[in-house]
There are 2 protein chains.
Amino acid sequence: MVQKDTVTSILNAAEELFSERGFAETSLRNITTRAGVNLAAVNYHFGSKKELIQAVFSRFLRPFCVLLESKLAELHKTQPDFNELLMLMAHTALQASHGKPKRLAIFMRLLGLAYSQGQGHLRRFLQKEYTPVFGGFMQLIKAASPELSDEERFWRIHFMLGATAFTLSGADALMAMAEHDLGKGSDFTQVLNRLIPFLAAGMNAPILEPT
Amino acid sequence: MVQKDTVTSILNAAEELFSERGFAETSLRNITTRAGVNLAAVNYHFGSKKELIQAVFSRFLRPFCVLLESKLAELHKTQPDFNELLMLMAHTALQASHGKPKRLAIFMRLLGLAYSQGQGHLRRFLQKEYTPVFGGFMQLIKAASPELSDEERFWRIHFMLGATAFTLSGADALMAMAEHDLGKGSDFTQVLNRLIPFLAAGMNAPILEPT
DNA sequence: AATCGTTTTAAACAAGTGTTTTAAACGAAG
DNA sequence: CTTCGTTTAAAACACTTGTTTAAAACGATT
């Protein structure tokens with residue numbers, strides 16, 4: 001691979017290493033070595049390690065949000081059900097990954113890390129920068145499940161989020177495990193096609209309001 | 001709180017700090033300071049930081065496994081459905097947490113960290129030590145879903161696992177968010193009572209085998 | 001060709017890490 | 001009381017971390 005722009009080399013290396021080892025476990029020296037640039041380049045171009053982490057997220061999230069926003073605009077007229085909504089989301093995410101499922105898996109793992117690992121600054125950053133776009137998607141979800149209370153819907157959305165983040169972030173490891181355990185391989189889109197009906201059924205589950 | 005045994009003081013402090021900040025972000029000095037013991041005590045009693053991490057898991061997992069194993073034995077006679085199976089699992093986990101939901105949340109977060117964070121030694125440790133016990137549970141799941149192909153069931157189990165780990169590990173943060181967003185608070189068992197029907201519906205979702 | 005702002009380089013910085021070492025304190029057994 | 005193995009204590013170990021510095025190299029503009 002030829003020597004690209006310094007900052008994108010750093011972003012590429014950081015994206016890979018962060019998703020493999022986590023944020024704290026990845027040192028700036030790991031990143032700059034893999035990127036083939038000088039150690040000081042990170043602090044020069046990004047300011048600090050924290051800002052580098054945020055930049056990694058922004059590079060993926062910004063194009064994804066504009067893509068999603070445009071698709072949501074033309075979808076607000078119809079009344080899509082969960083299967084349609086989730087397939088749209090999956091398709092948009094894959095599109096933002098330039099069609100490469102591997103990139104989506106990497107980003108999902110980063111997203112999982114952002115929540116599981118301390119990284120309070122990251123949660124705040126994501127919340128402040130990228131929540132408005134998801135508001136439109138939430139409205140469509142609400143329209144698709146008018147029978148659910150706000151509380152019930154809130155939790156079911158996070159159940160979906162968990163299943164998705166966990167599965168897609170470990171997709172390659174799980175696919176390898178599936179091949180080993182039952183001899184049948186799967187590919188990434190197959191997994192998505194199994195996941196979506198599962199989630200839709202969960203969202204449409206009979207309600208059991210607490211006493 | 002009075003000064004307990006040195007090793008359990010260390011385990012308590014490590015359990016809390018690991019679940020709050022992650023493994024790499026928690027230093028031995030953090031742990032020994034909170035535990036009120038000398039820094040060298042960790043290496044003296046556990047050998048290394050890695051072995052301390054494993055000891056934290058063992059302290060929870062070992063009693064949980066014996067509890068689960070005994071319950072599974074008397075359950076193999078009946079033909080429990082998913083709601084029963086999941087409720088049994090939840091009840092056992094809560095019981096292993098001495099009835100304190102907070103402790104279960106902490107352990108779930110640790111489990112999530114073990115998978116998301118690098119920590120290859122931990123994944124290997126957990127796999128080698130504690131997988132046999134879950135085999136029995138898997139058999140019951142298989143018996144409860146004979147219409148599913150092995151492949152479909154494999155993936156749906158991991159969908160469940162993801163939703164559960166993600167939700168319960170971040171339960172306190174999510175509960176705070178729920179209270180802030182929609183003014184209604186939830187408690188831990190309520191969340192479990194919402195999660196289980198969601199998962200059961202997902203497991204029983206109509207099958208859409210790939211072409 | 002000389003000059004400017006921008007970028008890269010190598011070296012050092014202070015701070016924090018896990019671990020080891022040495023000596024001191026403890027608590028029961030002879 | 002003394003002696004013994006076990007536990008604690010303080011200090012130092014060698015090493016890695018993120019960040020900063022100051023000089024060198026670069027690249028376009030005048």
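To find a chain, count down the sequence lines: A is the first, B the second, and so on, and within it residues start at 1.
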(request) Report yes or no: does B:K142 contribute a side-chain atom to a donor-acceptor pair with the main-chain N or O of B:R153 at less than 3.5 Å? (result) no

(message) For the CE atom on A:M175, are there more than 12 heavy atoms of other groups (residues, nucleotides or ligands in this structure) within a distance under 6.0 Å?
(response) yes

(request) Provide, to the nearest angstrom, the distance between the OH atom belonging to B:Y44 and the P atom belonging to D:dG5. (result) 13 Å

(message) Measuring to OP1 and OP2 of C:dT8, would you say a side-chain N or O of A:H45 lies under 4.0 angstrom away?
(response) yes

Counting only pairs under 3.5 Å, give me each side-chain donor-acceptor contact of residues 96-104 of chain A, with atom names and distances, residues two or more places apart or in other chains.
| from | atom 1 | to | atom 2 | distance (Å) |
| --- | --- | --- | --- | --- |
| A:S97 | OG | A:A93 | O | 2.8 |
| A:R103 | NE | A:E15 | OE2 | 3.0 |
| A:R103 | NH2 | A:E15 | OE1 | 3.1 |

For residues 61-75 of chain A, dump all side-chain donor-acceptor pairs below 3.5 Å to protein atoms at least two apart in sequence or in another chain.
| from | atom 1 | to | atom 2 | distance (Å) |
| --- | --- | --- | --- | --- |
| A:S70 | OG | A:L67 | O | 2.8 |
| A:K71 | NZ | A:H91 | ND1 | 3.2 |
| A:K71 | NZ | A:Q95 | OE1 | 2.8 |

(request) Using both pair distances under 3.5 Å as the test, note the stems of at least 3 consecutive Watson-Crick or G-U pairs that include DNA chain C. (result) C:3-5 with D:26-28, C:8-30 with D:1-23

(request) Quick one: list whatever passes ring-ring contact (aromatic ring centres under 6.0 Å, His included) with A:F107, sequence neighbours left out. (result) A:F57, A:F60

(request) Can you check each nucleotide of nucleotides 9-19 of chain C against protein heavy atoms at under 4.0 Å and return B for base, S for sugar-phosphate only, - for none, in 5' to 3' order? (result) BB-B----BBB

Contacts table for residues 158-167 of chain A: side-chain donor-acceptor under 3.5 angstrom, sequence neighbours left out:
| from | atom 1 | to | atom 2 | distance (Å) |
| --- | --- | --- | --- | --- |
| A:H158 | ND1 | A:F154 | O | 2.9 |
| A:T164 | OG1 | A:M160 | O | 2.8 |
| A:T167 | OG1 | A:A163 | O | 2.6 |

(request) Drop me the distance from A:F82's CZ to A:I196's CD1, to the nearest 0.5 angstrom. (result) 13.0 Å

(message) For the backbone of A:S27 and the side chain of A:N30, can you confirm whether one donor and one acceptor N or O come within less than 3.5 Å of each other?
(response) yes

(message) Rounded to whole Å, how long is the line connecting atom CZ of A:R21 with atom C1' of D:dT16?
(response) 14 Å

(request) May I ask you to evaluate whether B:T6 reaches the phosphate of D:dT8, defined as a side-chain N or O under 4.0 Å from OP1 or OP2? (result) yes

